[in-house]
Amino acid sequence: SGLPFEALDVFQSSNVVARELSVHMMANRVQLCAESPKVDLKMTKYLVDPMYEDTEKTSRDPGRQTRPLCEEFTANFLPKYGPAWAGAIGSVSQKVGEGEASHLFVNPNTMLFLGLHRFLAYVPPRIVSRMNLRTCRLALVMDQISNESSSRRQSYLNHRKSNMERSLEEPFEASALLLMRGVSCVIMTSLPTVVDSNLDFLSEVLSGLQGGAQVGQAVRSAATSCVGSDALPYAEYVPVTYGLPNLTT
């Protein structure tokens with residue numbers, strides 16, 4: 001469900017809140033990760049704004065503080081967190097197609113998507129369903145932002161998809177698909193948000209993980225610390241943790 005269950009009073013004293021598909025799948029994940037429980041951030045593979053839809057001209061957020069995603073990621077994230085990372089970034093002259101995007105995520109330890117709309121609108125469910133992601137300990141999916149031009153493009157594409165295809169792109173379905181293909185833990189943007197929030201959250205999570213925090217703790221702490229006075233409703237519950245929250249770097 002898209003409801004922010006993490007906002008329930010019963011969870012407010014918890015340092016970690018994680019969702020799971022079933023007890024049996026959780027037990028299987030625990031067993032699979034017993035021999036290799038670590039998240040190796042140095043082995044991260046990333047896909048950032050593959051269609052280069054986030055530009056100065058297309059931004060619809062008048063209070064935005066950050067530059068376009070591609071510029072911000074190249075200038076601030078790669079030097080600080082990922083000098084050894086491998087991946088692809090969209091540009092004016094070079095869009096990242098489905099084929100290239102799918103090849104990026106072959107045998108990753110950590111995978112990162114930072115872009116607009118929904119992750120599976122760019123790497124479709126039919127492609128993810130054929131992936132072997134059992135080596136992937138952590139998937140960070142920072143999406144659910146939009147602007148006018150990207151919304152028009154997605155609306156055009158959605159009219160050519162079946163209801164089933166569109167439903168598989170939803171946050172829960174996307175998380176479930178990644179988990180069933182072998183990912184141990186998925187951090188998924190569960191509600192519509194803005195660029196600044198996603199970038200702030202991602203930076204805080206990566207800092208927490210590098211500092212030795214468990215994934216679930218890093219997510220909970222980052223989500224809380226990134227909420228400002230002008231934040232969207234339930235902003236601190238937008239990032240949702242699925243799978244094993246106790247993995248560390």
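What's counted below: heavy atoms across the whole structure, side chains too, no hydrogens, waters or symmetry copies. Keep in mind that what you see is a predicted model, and the values were worked out from it rather than measured.
Environment of NZ in K42: sparse, with no more than 12 heavy atoms of neighbouring residues, nucleotides or ligands closer than 6.0 Å. Within a 6.0 Å sphere centred on CD of Q12, heavy atoms belonging to other residues, nucleotides or ligands number more than 12. A 6.0 Å sphere centred on CD of E100 holds more than 12 heavy atoms belonging to other residues, nucleotides or ligands.
C33 contributes atom SG, which lies 10.5 Å from atom CD of Q31 (distance to the nearest 0.5 angstrom). Atoms CG and CG, from N28 and L179 in turn, are 11.5 Å apart once rounded to the nearest 0.5 Å. For the atom pair CZ (F172) and CG (L3), the distance works out to 12.5 Å, reported to the nearest 0.5 Å. To the nearest 0.5 Å, the span separating CG on L247 from CG on D40 amounts to 12.5 Å. Atom-to-atom distance recorded for K80:NZ and L78:CG is 13.0 Å, nearest 0.5 angstrom. M111 CE to L140 CG: the interatomic distance, rounded to the nearest 0.5 Å, is 9.5 Å.
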Quick one: side chains of residues 205-217, donor-acceptor pairs under 3.5 Å with protein atoms, not counting sequence neighbours, listed by atom name and distance.
from	atom 1	to	atom 2	distance (Å)
S207	OG	Y81	OH	2.8
S207	OG	S203	O	3.0
Q217	OE1	Q214	N	3.4

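Under 3.5 Å, the side chains of K38 and T249 contain no donor-acceptor pair of N or O atoms. Between the side chains of R29 and S184, no donor-acceptor pair of N or O atoms lies under 3.5 Å.
Side chain of N198 to backbone of D143: a donor-acceptor contact under 3.5 angstrom is found. In this structure, the side chain of T189 does not engage the main chain of P239 through any donor-acceptor pair within 3.5 Å. Panel note: side chain R181, backbone M131; a donor-acceptor pair is recorded below 3.5 Å. In terms of modelled atom types and a separation under 3.5 Å, the side chain of Q94 and the main chain of S91 share no donor-acceptor contact. In this structure a side-chain-to-backbone donor-acceptor pair under 3.5 Å is present from S167 to M164. Here the side chain of T44 pairs a donor or acceptor atom with the backbone of L41 at under 3.5 angstrom. Judged purely by atom type and a 3.5 angstrom limit, R134 has no side-chain atom pairing as donor or acceptor with the backbone of R137.
Heavy atoms only, all atoms of each residue included: R118 and R166 are closest at NH1-O, 4.1 Å. In terms of heavy-atom proximity, G243 sits nearest to E20 at CA-OE2, 3.7 Å. Pairing each heavy atom of L69 with each of D54, the nearest pair is N-OD2, 2.7 Å. Listed here is the closest heavy atom pair of A139 and L178: CB-CD1, 4.4 Å. Taking all atoms of both residues into account, the shortest heavy-atom contact from C70 to Y52 is SG-CD1, 3.8 Å. The two residues M188 and A174 make their nearest non-hydrogen contact at CE-CB, 3.8 Å.
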Run F105 and L47 through side chain to side chain contact (heavy atoms under 4.5 Å, CB included) and show every step you take. CA-CA 9 Å; F105 299 127; L47 178 61; 3.8 Å; yes

Go through it in stages, so that I can follow the logic: the residues are L120 and E173, the test is side chain to side chain contact (heavy atoms under 4.5 Å, CB included), and I'd like the CA-CA distance, side-chain angles, deciding distance and then a yes or no. CA-CA 10 Å; L120 294 189; E173 285 77 5; over 6 Å; no

For W85 and L112: C-alpha separation, side-chain torsions, deciding distance, then whether side chain to side chain contact (heavy atoms under 4.5 Å, CB included) applies. CA-CA 10 Å; W85 291 0; L112 166 64; 4.0 Å; yes

Go through the steps for N76 and T66 under the test side chain to side chain contact (heavy atoms under 4.5 Å, CB included), then give the verdict. CA-CA 11 Å; N76 294 331; T66 54; over 6 Å; no

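Clustering ILVMFWY residues whenever any of their side-chain heavy atoms sit less than 4.5 angstrom apart, transitively, puts M43 in a cluster other than the one holding I187. Put simply, L199 and M142 are part of the same group of oily side chains (I, L, V, M, F, W, Y) that touch within less than 4.5 Å, one to the next. Under the 4.5 Å side-chain contact rule for hydrophobic residues, V106 and V39 do not share a cluster. At a threshold of 4.5 Å between side-chain heavy atoms, the hydrophobic network of Ile, Leu, Val, Met, Phe, Trp and Tyr places L32 and V183 in two separate groups. Tracing side-chain contacts under 4.5 Å through hydrophobic residues (I, L, V, M, F, W, Y), one never reaches V92 starting from M51; they form parts of separate clusters.
Side-chain contact between R220 and V16: absent, with no pair of heavy atoms (C-beta onward) separated by less than 4.5 Å. With contacts defined as side-chain heavy-atom distances shorter than 4.5 Å, the pair L21/M180 qualifies. With a 4.5 Å cut-off on side-chain heavy atoms, L191 and V240 do not count as touching. Side-chain atoms of V238 and S197, non-hydrogen and from C-beta on, never get closer than 4.5 Å to each other. At least one side-chain heavy atom of P50 sits under 4.5 Å from a side-chain heavy atom of F113. Residues Y122 and H117 form a side-chain contact, since some pair of their non-hydrogen atoms from C-beta on lies under 4.5 Å apart. For the pair Y46 and F77, the minimum side-chain heavy-atom distance is 4.5 Å or more. In this structure, the side chains of P108 and T135 come closer than 4.5 Å at one or more pairs of heavy atoms.
We find that E6 and R19 are joined by a salt bridge, their nearest charged nitrogen and carboxylate oxygen being less than 4.0 Å apart.
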